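The shown structure was predicted, so the numbers you read here are calculated from the model rather than taken from an experiment. Below, chains carry the letters A, B, ... as their sequence lines are ordered, and counting in each starts from 1.
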Amino acid sequence: MSSIMELRDVTRCFDSNTVLDHVSIKVEQGSFTALLGASGCGKSTSLRIMAGLDRPTSGEVLLNGRDVRGQNAYERNVAMVFQSYALYPHLTVAQNIALPLTMRHLSNLGRMPLLGSFVPGATEARRTIMNKVVDAAKSLGLEELLDRKPGSLSGGQKQRVALGRALVRDPALFLLDEPLSNLDARLRIRMRSEISSLHRLTGKAFVYVTHDQTEAMAMADQIVVMIGGQVAQAGSPRDLYERPVHRDVAAFIGHNAINFLEPGDGINVGDSIVGLRPEDLTPNTAGSLSAKLEASEYLGSEIMLSLRSRRGTEFRAIAPGDYIVPTIGSDIRLAYEPQRVHLFDAVTGKRKSGVKHEAVT
Amino acid sequence: MKPTFISRIISSSFLVAGAAVILLPFVWMLSLAFKPRDEIFSTSIQLLPSRLEWSNFIFALTETNIPLFLWNGTVVVLGILVFQVMFAVPCAYALTQRRFLARKLIFGLVMIALMVPFHVTAIPIFLGFAQVGILNTYWALILPFIPTAFGIFLFRQFFAQLPSDLFDAARVDGLSETAIVWRIAFPLALPAATAFAIFSVTTHWNDLFWPMIATTDPNLATPPRGILYFRDEESGDNVGPLMAAAFIVTAPLVILFLMAQRKFIQGLASGGIKG
């Protein structure tokens with residue numbers, strides 16, 4: 001597999017403000033890459049640079065191995081889906097989807113409303129365009145809506161039209177900028193699987209910007225975590241979950257926020273910060289960690305326990321749904337598997353490797 | 001607070017009174033236009049003519065140059081409007097959606113130009129046109145009004161509200177910047193454009209100042225200047241045809257406004273669009 005899109009050592013400054021700081025990202029052919037990060041971390045700027053809507057201050061942008069810094073978005077033939085959908089309000093759904101094709105297949109004269117029909121080949125081009133639009137609309141379930149204006153569509157329908165507009169032109173690369181963040185939770189999960197199936201259907205590379213780690217974990221085969229304008233870690237979802245290279249990455253990944261325990265909280269490994277996920281920490285009378293139970297939330301399949309260590313650090317653990325919760329305020333003991341413990345440097349926050357897990361007491 | 005019946009009656013009657021004061025001259029004009037000659041100068045005030053006298057209109061339309069004046073007015077007003085829009089819309093788009101050197105400075109200059117009354121620049125423009133030798137042409141009536149600070153300002157305020165994603169999407173879809181202006185930005189700005197068109201057409205249709213300075217040729221007279229001729233030379237004291245002519249000159253504007261009324265108000269209230 002070769003990389004379709006690559007940012008090589010890209011830096012982007014707005015005035016004196018460095019938004020991207022030596023960022024290198026590789027997107028493999030046919031892969032689904034998620035750029036994950038909090039707002040303002042530079043993930044959208046990276047995407048805009050890939051699209052050709054923004055230019056790097058320094059560094060290279062490679063598409064199919066060729067430097068495309070001088071090319072605009074259209075010449076790169078990338079498709080982009082925006083957070084606000086960015087549908088043209090004055091055009092119908094069909095016209096919205098058709099616009100990229102109209103621009104490509106019809107000359108200036110051929111695009112004219114009436115004159116256009118006299119330009120040789122224009123009628124035929126129009127027919128091909130219409131066929132493609134109908135095909136795209138069918139694959140997204142939009143056939144009924146082709147004559148409507150975007151104003152009368154629901155959020156999910158608008159998002160489908162935006163996807164249709166990207167789909168219809170057969171681009172080299174799909175770029176999606178937080179496409180689901182304006183939808184409600186239920187619809188978001190449905191659109192998530194639709195985007196995934198669209199990815200399988202087209203076989204093209206997708207780059208997907210999101211601040212929601214669940215979306216990234218669920219859809220991507222490569223996640224690039226960005227923090228403060230830099231790539232903190234890039235890897236498969238499993239890599240990021242099991243071996244986060246930095247405590248900030250660990251804090252970002254995972255459905256339940258990871259616990260950080262300092263020396264004196266019960267697990268001492270030198271002066272390291274100990275990262276331990278709530279799902280890896282369960283009540284066990286033979287456990288080595290003891291803490292005071294402060295609250296519990298019954299969630300059906302599991303029970304979320306809020307605990308406080310002797311030193312006063314708050315942390316959480318997950319007990320199975322049939323666990324009998326002791327009275328609030330009592331001390332309980334918790335067990336964990338040593339290989340589930342992540343160690344981070346107290347100063348730099350970097351993952352400490354090579355520390356023997358047996359050393360954990 | 002919910003308006004009570006009485007307060008509504010009071011405010012309505014104020015509005016009706018205000019409207020009556022403003023409309024009275026027009027009603028009087030209309031009334032005179034339809035009155036036979038002997039009723040116009042009668043001592044008693046009579047709003048309604050005893051019979052409809054069409055001869056005033058016939059006289060105005062056939063015996064005078066009113067049709068020519070209307071044609072001149074149309075050419076000048078449409079010429080001004082088309083060129084204004086052609087330049088103001090791309091300017092406004094560039095000022096909001098493009099990043100370039102001295103953008104703020106240029107917008108500042110537009111704002112300053114907004115505050116300079118036309119009369120200040122009239123004389124230099126007149127002298128310039130005299131040098132170039134285009135006084136007494138249609139161009140002399142059209143050219144000075146093409147750069148419109150008001151138009152740029154109005155469109156800029158409108159474009160500034162449009163999400164920049166929309167234009168990025170258009171760029172990805174392969175539209176050039178010019179194509180974005182005319183295929184995306186301008187259709188969306190139609191309410192603003194309608195408001196602007198009404199302002200522009202009214203101002204220049206009614207303008208007497210500049211046509212008086214720039215043209216002397218009676219064949220280039222716009223409607224207001226035409227009516228002036230009319231009074232002095234052709235019909236003397238003939239008030240009936242004069243009023244009929246005034247009515248003919250005013251009517252297009254009123255009809256235009258009534259047709260565009262809804263869009264006009266939308267444009268002024270800056271019709272919000274949501275993607």
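A:Leu87 has its side chain out of reach of B:Asp165: every pair of non-hydrogen atoms, C-beta onward, lies at least 4.5 Å apart. A:Phe82 places a side-chain heavy atom less than 4.5 Å from the side chain of B:Asp168. Under the 4.5 Å side-chain criterion, counting only non-hydrogen atoms from C-beta, B:Leu175 is in contact with A:Leu99. A 4.5 Å side-chain heavy-atom check between A:Met103 and B:Arg183 finds at least one atom pair inside the cut-off. For the pair A:Pro89/B:Leu166, a side-chain contact is recorded, criterion being any heavy-atom separation below 4.5 Å from C-beta on. Contact annotation: the side chain of B:Asp173 approaches that of A:Arg165 to within less than 4.5 Å [non-hydrogen atoms, C-beta and beyond].
For A:Arg76, no part sits under 4.5 Å from any heavy atom of chain B, backbone or side chain. Looking at A:Ala79, the atoms closer than 4.5 Å to chain B (heavy atoms on both sides) all sit in the backbone: N, CA, C or O.
Here the shortest heavy-atom pairing between B:Ile184 and A:Tyr88 reads CD1-CD2, 3.5 Å. Taking all atoms of both residues into account, the shortest heavy-atom contact from B:Arg171 to A:Leu53 is CB-CD2, 4.0 Å.
In this structure, B:Phe100 places its CZ atom where more than 12 heavy-atom neighbours from other residues, nucleotides or ligands lie under 6.0 Å away. Heavy-atom neighbours of B:Leu101 CG from other residues, nucleotides or ligands within 6.0 Å: at or below the threshold of 12. For CZ of B:Arg103, the number of neighbouring non-hydrogen atoms (other residues, nucleotides, ligands) closer than 6.0 Å is greater than 12. Annotation: A:Asp147, atom CG; neighbour count of heavy atoms from other residues, nucleotides and ligands within 6.0 Å does not exceed 12. Under a cut-off of 6.0 angstrom, the local environment of CZ in B:Phe209 is crowded, with over 12 non-hydrogen atoms contributed by other residues, nucleotides or ligands.
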